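Worksheet: one structure, shown below.
The structure presented is a predicted model; accordingly, all values stated were derived computationally and were not measured. Counting starts at 1 for both ligands and their atoms, following the listed order.
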Amino acid sequence: MAKKLITVTVNGNKIEQAVEPRTLLIHFLRENLNLTGAHIGCDTSHCGACTVDIDGQSVKSCTHLAVQCDGSEVVTVEGLADKGVLHAVQDAFYKEHGLQCGFCTPGMLVRAYRLLQDNVNPSEEQIRAGMAGNLCRCTGYQNIVKAVRHAAKTLQTAKQAVAA
Ligand code: FES
Ligand code: FES
C-alpha cells in the first residue's frame, strides 16, 4: 500500500517519515523510532501498556494509526525526564515501589503524567478510576496509588515554591 509522509513531534523532536496507512502507532514508535519503552500487552485495547500522550491526552497507541498523528505532539516515557532529572511520576514510582517487572510501567507513568495535569489533587478513588485503563500483573495496584499520590504532592510543592 502507498506510504504517506507524516510529520510528527515526538518528545520535542520533529520527525518526518513515510508510513503505511495501516501501521499502528505503537509499532511506528517501537520499530521506526526505536522508542521501545511503550509495550504491547494485548490485542484488544485493554491493558494500556502502550499508552502515550498525544496532544494532551492519554492514548493507547495500539489502537491509533501512525498516519493519524500527522501534525501531532507525542510524548512517550522516554520524554518524561528532563536532562536526566526524573519527572515527579518516575521518582514517585521508584520511591513507593510502584513497579516490579516493569512491563506496565511506561504506560502507567505516561498515564499518571496526564492524570496529574487534569487533576492536580486526586483522591484515592479518582486515582484508581483514572488509572483503570492500565493493567498490572505484579503490584496489586496499591503502591501505584501511593506513587501517584506521592507525585501529586511533589508537583504541588514545586508549584507553590514557584508561586512564592
Ligand atoms: S497493547 Fe494493550 S491496550 Fe495497547
Ligand atoms: S509491574 Fe509487572 S505488570 Fe506492572
Neighbour list for ligand 1 [protein residues, heavy atom under 4.0 Å] | I40, G41, C42, S45, H46, C47, G48, C50, K60, C62
When you check the side-chain N and O atoms of R111 and S58, is any donor under 3.5 Å from an acceptor?
-> yes
Using distance alone, with no hydrogens and no angle criterion, decide if N11 and T76 have a side-chain donor and acceptor under 3.5 Å apart.
-> yes
The single option from K146, R149, H150 that satisfies side chain to side chain donor-acceptor pair (under 3.5 Å) with E96 is H150
Indicate if the distance from atom 2 (Fe) of ligand 2 to the nearest N, O or S atom of C138 falls below 2.8 Å.
-> yes
Would you call the rings of H39 and F103 parallel, tilted or perpendicular if under 30° counts as parallel and over 60° as perpendicular?
-> parallel
Tell me whether L33 is reachable from I40 by hopping between hydrophobic residues (I, L, V, M, F, W, Y) whose side-chain heavy atoms are closer than 4.5 Å.
-> yes
Just which atoms of ligand 2 are under 4.0 Å from any heavy atom in G102?
-> 1 (S), 2 (Fe)
Across all chains, not counting sequence neighbours, the side-chain contact (heavy atoms from CB on, under 4.5 Å) partners of V19 are I6, F28, N32, A66, V67
Look at the side chain of T9 and the backbone N and O of G12, then say whether any donor-acceptor pair between them is shorter than 3.5 Å.
-> no
Heavy-atom contacts with Q100 under 4.0 Å: which atoms of ligand 2 show up? List them by number with element.
-> 1 (S)
Partner of L35 by side-chain contact (heavy atoms from CB on, under 4.5 Å), out of V10, V77, V52 = V10
Counting from 1 in the order shown, the ligand 2 atoms closer than 4.0 Å to a non-hydrogen atom of R137 are 3 (S)
Which of the atoms of ligand 2 are close to C101, meaning less than 4.0 Å from one of its heavy atoms?
-> 1 (S), 2 (Fe), 3 (S)
